[in-house]
Amino acid sequence: MTTLNTAQKEAVLHGDGPSLVLAGAGSGKTRVIVERIAHLVADQGVDQRNILALTFTNKAAEEMRTRVAARLGVEKIGCWLGTFHSFGLYILRREIDKLGRPKAFTIFDDADQLSLMKKLIKDAGNQAANISPRDALSWVSRQKQDVAEPDLGPQSIPLENAYRLLWQKYHAALERAGGVDFDDLLVLTARLFEQHPEVRQRYADRYRYVMIDEYQDTNRAQYLLARHLSSVHANIFVVGDEDQSIYSWRGATIRNILDFEQDFPNARVFRLEQNYRSMEPILKAANAVVARNKSRLGKTLWSSHPGGDPVRLYDAADAEAEARFVADDIVEKKLSPGQVAVLFRTNGQVRLVEESLRRKGLAYVVIGGVRFYGRKEIKDVLAYLRLLVNPADDVSLRRVLNVPARGIGATSQDTLEAYALQRQQTLLDVMREVDLDQSLTGRARHAILDFVHLIDDLSLMAKTEPVATVLDALLERTKYREFVQQADEKDYRTRLEMVDEFQAACAQYDAKGGGGLLAFLQELSLLSDVDQWDPSMPAVTLMTCHSAKGLEFDHVYLLGLEEGLLPHASALESEDEIEEERRLCYVAMTRARKSLTLCAARSRMTYGGGPADRQISRFVGEVPRDQLQLVGTANLGGRQAQPAADRVTSSGGIKLGTRVWHAQFGKGTVMYTSGSGAKLRAKIRFESGRSRDFMVAMTPLKVLDGEKKR
DNA sequence: GAGCGAAACGAGGAT
DNA sequence: CGTTTCGCTC
């Protein structure tokens, strides 16, 4: 693609006012945004500082920055170009005090949220009995993404009441700890603009042009931000593809893109339907799949690259054979590893692929899964550092109070917690006054004061010294390395290497000019897995379909095209969720430039249990047969996907998606099965929100017929 | 309070 | 199956 096509040109050159670009997969939407910015700056004389462009990932932002800089012939661009979340952080750093919150706030990641919620559930006792922290968190997160307020109105549903109570407690605890979570970065920013018109006016005035990428994945908070920011100039330029909306579980609402023309009157709509990425058979196959969806605006992509190999289907005996096939095929076809991606629905699928690639001596990188910043030793160190900049952060304090063990055990901790609750003080403040309290042993009080001194000394240091210096002192004084070495004799080398790597990251941050410990910690929390990935590495890329969005590869292997995996088991009940799975499948397929290979296994080990029989995905059946080439032992006879209701199994009707009734737990849905016959096990999610695992033969379950939806 | 083995729990996608 | 919590002993 050297010059812009007519549709792209129109989108780039159009005049002021709101506009919606419906950009199909591979239609050059990034390029359109880049060219539009270049056009505004170079041709219209717009000051770069008056342009704001928002993306969903740092990776996308980084690529856009590079391309805009190249296009304008400058080293560094002056536009504000970054992710929604980093924009929220940018605003809150300056303005959060207007919401009555401290400027030195820290960002709580999902592990922090989980540990906080666990504690709140425990403290709430009977009021929140039997609620899983994860369920509570996702409920709270959903409320926040919809920008609701945690008031405790009269509620008829007891479960909802408990959730509401936890929401209120969570909200209060987070605020007291001087923390914000991921949702808050957007929600608080939206609220700030809502409640402080003068602030909104200032930013809306500055950003004459607002551009938003992946608009189909915006949630309500992001939508409100878009409205606020374009409330003065109304030059809002959004780019999206309703067929690639795959984040509804994160609060994204497809309505935002479907309703754009109503929301922003006089909007112009542009359609980009020429695909520059994929060879024709790949695009035809992907189009055929997504065309089954009902909620679409409707686009028909056509390929710039006619000819090309048909899409292949490998129908493996089991998941090991599937993984082996991928490695063998890469070797046999002499594919250059850097041009290959292996995509899958769940992170759990990655292990087998890693093994088979390793056996063949193929280099690979795994994106996601166990994140560097999710590692225990890194989280410990981060918790210390966060406590240094935010002494009110009780969540971090709890994590490190006795790590490494320093004689402050459960009894002492409970005593401190009780005092903190009673006096409405932070844990650290309570600990400062511990000498006044005689109910703790002298030894415990001594240990507690030592800890307070440690934090005080290092906090002072953090005010002036570079991050790496503070970290060195921290590791030294806590004897953290010795602790790691002692605690895990088997794996300590790897763990120490992780600590080394983190030290290097700190030093690098300092060397780049840094911004102090607080800024370092805030920015770290916004890093994503894909951000670390270097596409020029000569290695096969392994990642989930979700992570692959926005990327492209010459050769793509899409694994696990089975009912229960893609579409995922948890989506089988609802037509809307099936449609999202279908879009996910479409996103994955359209990552491929030259070749696409679909794989499925007839049998796959499930968690703990034995192998389970698998049905091939309905999405495979949606690809026209003449577009599909069967390879290996592939044989679709009798395995073609059938409508879910007609499928039969040998397990007495207990299978994926079956609606059942249990005397104790009520109605539920089978999420997974494993084993067979007398050893058949089934995981069932009940309408109460709880999930449980059963030996089917031992459990009084009734199969409910004729029920499709709850 | 620390350390260890046993039991229980939970497994979708991630800024 | 892998990880976290529990419960017992020292």
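Below, read A as the first sequence line, B as the second, and so on, with proteins coming before strands; counting in each chain starts at 1.
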Rounded to whole angstroms, how far apart are [atom1] on [X] and [atom2] on [N]?
| X | N | atom1 | atom2 | value |
| --- | --- | --- | --- | --- |
| I408(A) | dA2(B) | CD1 | P | 9 Å |
| R375(A) | dG2(C) | CZ | P | 16 Å |
| N347(A) | dT3(C) | CG | P | 14 Å |
| E563(A) | dG12(B) | CD | P | 17 Å |
| I121(A) | dG10(B) | CD1 | P | 10 Å |
| R142(A) | dA14(B) | CZ | P | 17 Å |
| E573(A) | dG12(B) | CD | C1' | 14 Å |
| M605(A) | dC1(C) | CE | P | 7 Å |

From C-beta outward on [X], which listed nucleotide comes closest to its side chain: [options]?
| X | options | answer |
| --- | --- | --- |
| E581(A) | dT15(B), dG12(B), dA14(B) | dG12(B) |
| K118(A) | dA2(B), dG12(B), dT5(C) | dT5(C) |
| A405(A) | dG12(B), dA2(B), dA14(B) | dA2(B) |
| T411(A) | dT15(B), dG1(B), dG13(B) | dG1(B) |

Can a donor-acceptor pair under 3.5 Å be found between the side-chain atoms of E577(A) and the base atoms of dG12(B)?
no
Looking at dG13(B), does its base get a donor-acceptor pair with the side chain of T544(A) below 3.5 Å?
no
Is it true that the NZ or CZ of R220(A) lies under 6.0 Å from the centre of Y223(A)'s six-membered ring and within 45 degrees of the ring axis?
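No, a cation-pi geometry is absent between R220(A) and Y223(A).
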Is the NZ or CZ atom of R386(A) positioned over F108(A)'s six-membered ring, under 6.0 angstrom from the centre and within 45° of the axis?
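R386(A) over F108(A) ring: yes.
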Could you check D183(A) against T441(A) and say which one's nearest nucleotide on DNA chain B is further toward the 5' end?
T441(A)
Here's a test of your reading of the structure: between L527(A) and R134(A), which maps to the more 5' nucleotide of DNA chain B?
R134(A)
Step by step, work out the side chain to side chain donor-acceptor pair (under 3.5 Å) result for Y215(A) and N256(A).
CA-CA 8 Å; Y215(A) 192 70; N256(A) 286 347; 5.2 Å; no
What does [X] touch in the nucleic acid at a heavy-atom separation under 4.0 angstrom: a base, only the sugar-phosphate, or nothing?
| X | value |
| --- | --- |
| N402(A) | sugar-phosphate |
| F182(A) | base |
| R443(A) | nothing |
| A410(A) | sugar-phosphate |

The answer to which of K376(A) and R351(A) contacts DNA chain C further toward the 5' end, by nearest nucleotide, is R351(A)
Take atom [atom1] in [X]; do more than 12 heavy atoms of anything else shown fall under 6.0 Å from it?
| X | atom1 | value |
| --- | --- | --- |
| R134(A) | CZ | no |
| R351(A) | CZ | no |
| R443(A) | CZ | no |

Looking at [X], I'd like to know whether one of its side-chain N or O atoms comes within less than 4.0 Å of OP1 or OP2 on [N].
| X | N | answer |
| --- | --- | --- |
| S547(A) | dA14(B) | yes |
| N219(A) | dT15(B) | no |
| S86(A) | dT15(B) | no |

Would you call the rings of F193(A) and H228(A) parallel, tilted or perpendicular, where under 30° means parallel and over 60° means perpendicular?
perpendicular
Describe, in one word, how the ring planes of Y90(A) and W80(A) are oriented to each other, choosing from parallel (under 30°), tilted (30 to 60°) and perpendicular (over 60°).
tilted
Between K144(A) and D181(A) (salt bridge meaning N to carboxylate O under 4.0 Å), is one present in this structure?
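Here K144(A) pairs with D181(A) in a salt bridge, since their nearest N and O are under 4.0 Å apart.
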For DNA chain B, which residues of residues 249-256 of chain A approach it to below 4.0 angstrom with any heavy atom?
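Nucleic-acid contacts, sorted: W249(A), R250(A).
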Answer yes or no as to whether dG13(B) has its base stacked against H568(A), where stacking requires a ring-centre separation under 5.5 angstrom and planes under 30 degrees apart.
no
